[in-house]
Structures are given as structure tokens and as C-alpha cells.
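What follows is a single structure, written as C-alpha cells, with notes after it.
This is a predicted model, so every value here is computed, not measured.
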Amino acid sequence: MHANTQFSNRAMKVNHAGEQGAISIYTGQIFVARLTASHLVQELRTFRAHEQEHRTIFHDVLERRGLPHCRSYSLCAAGGYALGIATGLCGARAISLTTVAVERVVLQHLRHQLTILSDDDDAAGAITAILKDEQKHHDQASIHTQGSGIFGRMLSAMLSGATESVIWLGMRL
């Protein structure tokens with residue numbers, strides 16, 4: 001198997017697992033935000049609906065290629081839900097900081113994948129199809145993070161590092 005094909009297959013599996021993680025984060029946040037940040041619930045539901053569409057896009061790529069889902073899929077689901085609950089308990093700013101931090105890392109990885117996979121129309125098409133939504137989530141959530149101070153910087157660094165770690169692990173499982 002060509003190295004680029006191996007990378008493409010692995011990236012599609014990790015992207016699919018990542019979308020499940022995002023769905024789980026939003027699900028956990030929605031559950032708690034009804035009490036801690038009710039004004040964000042509709043936005044979170046919209047974001048989750050986008051992530052469900054993205055998961056389907058990557059699932060379809062995996063199906064066309066005859067690939068199983070990533071071994072990190074369940075980790076992303078469980079970890080995402082726990083993260084969603086935890087950040088939801090911290091309130092609106094933490095919820096939005098989570099979206100911004102996670103999407104910043106995801107956007108960086110997706111753009112990097114596009115440069116490597118420019119000759120793989122299937123993979124590049126799937127990535128391109130979701131980039132606009134992911135950027136919108138980042139930008140829209142950023143509005144709610146103003147004045148986050150040291151807590152915001154610490155939470156953002158932790159979430160970015162965790163997201164990078166999950167992607168790194170997924171690419172190696």
C-alpha cells in the first residue's frame with residue numbers, strides 16, 4: 001500500500017472518530033447547559049447537528065474504502081462526553097472555550113491533511129465539505145470567550161493539548 005494511501009485511510013478513520021468525539025462533547029454540554037448556560041443550548045444543538053453530518057461524511061468514506069472505524073472511536077465518544085459534562089458544569093465561558101480550543105486544533109489538522117491529500121479526491125472532498133462549518137463553530141464560539149483571563153488560557157491550553165494527544169494516539173492505533 002502506498003504511504004499516502006495509508007495516511008489517507010488513517011486520517012479518515014481519525015477524522016470520523018473525532019467527529020464522534022465532538023458530538024459527544026456537545027451532547028454532554030447540552031445536558032448540563034440547560035441549567036448552567038441555557039442561552040447556549042440552541043447554538044450547541046446546531047453545532048452538534050453539523051458534527052453529525054460530518055461524521056456521516058467520514059463514515060461514507062470509510063464505507064467506500066471498506067475500512068472499519070478507528071480504534072480510538074470509543075475513547076473519543078466516552079472522553080468527549082465526560083469533557084462535555086465537565087465543561088458544561090463550569091458554565092458558558094468554559095463551554096465556548098472548549099469549542100474554540102478544539103476547533104482550532106481540528107482546523108489546523110484538517111488544513112494540513114488537505115495539503116498532503118490533494119491528490120486523493122475522496123478524502124480532500126470530505127475534508128473540504130466540513131471546513132466551513134468547523135470554522136464557523138470556532139468563530140461563533142469565540143464571541144462568548146472574551147475576558148476569560150488566566151482560567152481561559154489554562155483551559156484552552158489543556159483542551160488543545162488533549163485534542164492534539166487524541167489525534168496523535170488515533171493516528172497510531
Side-chain angles (χ1 to χ4, degrees), residues 10-34 36-37 40-63 67-114 123 125-145 152 155-171 173:
R10 173 62 49 202
M12 295 300 99
K13 290 169 76 169
V14 170
N15 292 350
H16 177 250
E19 296 300 340
Q20 180 57 48
I23 291 164
S24 296
I25 291 169
Y26 289 129
T27 299
Q29 288 177 335
I30 290 165
F31 180 73
V32 178
R34 293 177 294 168
T36 63
L40 288 180
V41 170
Q42 188 52 51
E43 179 177 287
L44 295 170
R45 285 182 177 144
T46 299
F47 290 176
R48 181 177 63 183
H50 292 157
E51 303 298 357
Q52 289 167 330
E53 292 169 10
H54 303 167
R55 180 184 59 190
T56 299
I57 289 168
F58 288 120
H59 175 266
D60 292 348
V61 172
L62 296 182
E63 205 167 74
L67 298 171
H69 64 72
C70 186
R71 292 185 190 132
S72 68
Y73 188 88
S74 296
L75 172 67
C76 289
Y81 190 73
L83 178 61
I85 295 288
T87 56
L89 288 170
C90 293
R93 202 167 270 151
I95 289 169
S96 295
L97 283 165
T98 301
T99 298
V100 172
V102 171
E103 295 293 14
R104 183 182 322 112
V105 171
V106 168
L107 286 163
Q108 177 185 2
H109 279 274
L110 291 175
R111 289 180 180 128
H112 175 70
Q113 289 173 13
L114 272 179
I127 293 167
T128 301
I130 73 163
L131 273 174
K132 184 177 175 185
D133 284 341
E134 302 293 9
Q135 186 67 57
K136 182 179 177 183
H137 298 173
H138 174 276
D139 296 348
Q140 195 168 331
S142 292
I143 295 167
H144 310 296
T145 64
L155 182 62
S156 183
M158 181 194 74
L159 294 168
S160 294
T163 304
E164 287 281 359
S165 297
V166 169
I167 292 169
W168 181 87
L169 182 64
M171 291 298 286
L173 286 177

| Flag side-chain contact, heavy atom, 4.5 Å: L75 against L169 | yes
Between G28 and I85, the two heavy atoms sitting closest are O-CD1, 3.6 Å
Do R10 side-chain atoms and C70 backbone N/O form a donor-acceptor pair below 3.5 Å?
no
Here the pair of heavy atoms bringing A126 nearest to F58 is CB-CE2, 3.9 Å
G84 and Q29 have their tightest heavy-atom pair at O-CG, 3.3 Å
Minimal heavy-atom distance between D133 and E53, with the atoms involved, is OD2-OE1, 4.5 Å
Interatomic distance, CD@Q135 vs CG@L110, rounded to 0.5 Å, equals 11.0 Å
Separation between CG (L107) and CZ (R111), nearest 0.5 Å, reads 4.5 Å
Checking R104, H50, E51 against E134 for side-chain contact (heavy atoms from CB on, under 4.5 Å), the one that qualifies is E51
Interatomic distance, CD@E19 vs CD@Q52, rounded to 0.5 Å, equals 10.5 Å
Is the shortest side-chain heavy-atom distance between L62 and H59 below 4.5 Å? no
side-chain hydrogen bond (donor to acceptor under 3.5 Å, both in side chains) filter on Q20, not counting sequence neighbours, yields S24, R55, Y73
One should read off an interatomic distance between R45 CZ and I30 CD1, to the nearest 0.5 angstrom, of 6.0 Å
Can you find a pair of side-chain heavy atoms, one from M12 and one from Q113, that are under 4.5 Å apart? yes
Close side-chain approach of L173 to S72, heavy-atom, < 4.5 Å:
yes
By side-chain contact (heavy atoms from CB on, under 4.5 Å), V105 pairs with (sequence neighbours left out) H109, S160, T163, E164, I167
Please list, one pair per line, the donor and acceptor atoms closer than 3.5 Å that link side chains of residues 91-101 to other protein atoms, with sequence neighbours excluded.
from, atom 1, to, atom 2, distance (Å)
R93, NE, Q146, O, 3.4
R93, NH1, G147, O, 3.4
R93, NH2, Q146, O, 3.1
S96, OG, A92, O, 3.4
T98, OG1, A94, O, 2.7
T99, OG1, Y26, OH, 3.4

One should read off an interatomic distance between K136 NZ and I130 CD1, to the nearest 0.5 angstrom, of 15.0 Å
Just by modelled atom types, is the F31 backbone N or O under 3.5 Å from a matching donor or acceptor in the R34 side chain? yes
Checklist entry - Got L131 and L114 here, is their nearest side-chain heavy-atom distance under 4.5 Å? => result yes
Distance col, row H138:NE2 vs Q140:CD, nearest 0.5 angstrom, shows 12.5 Å
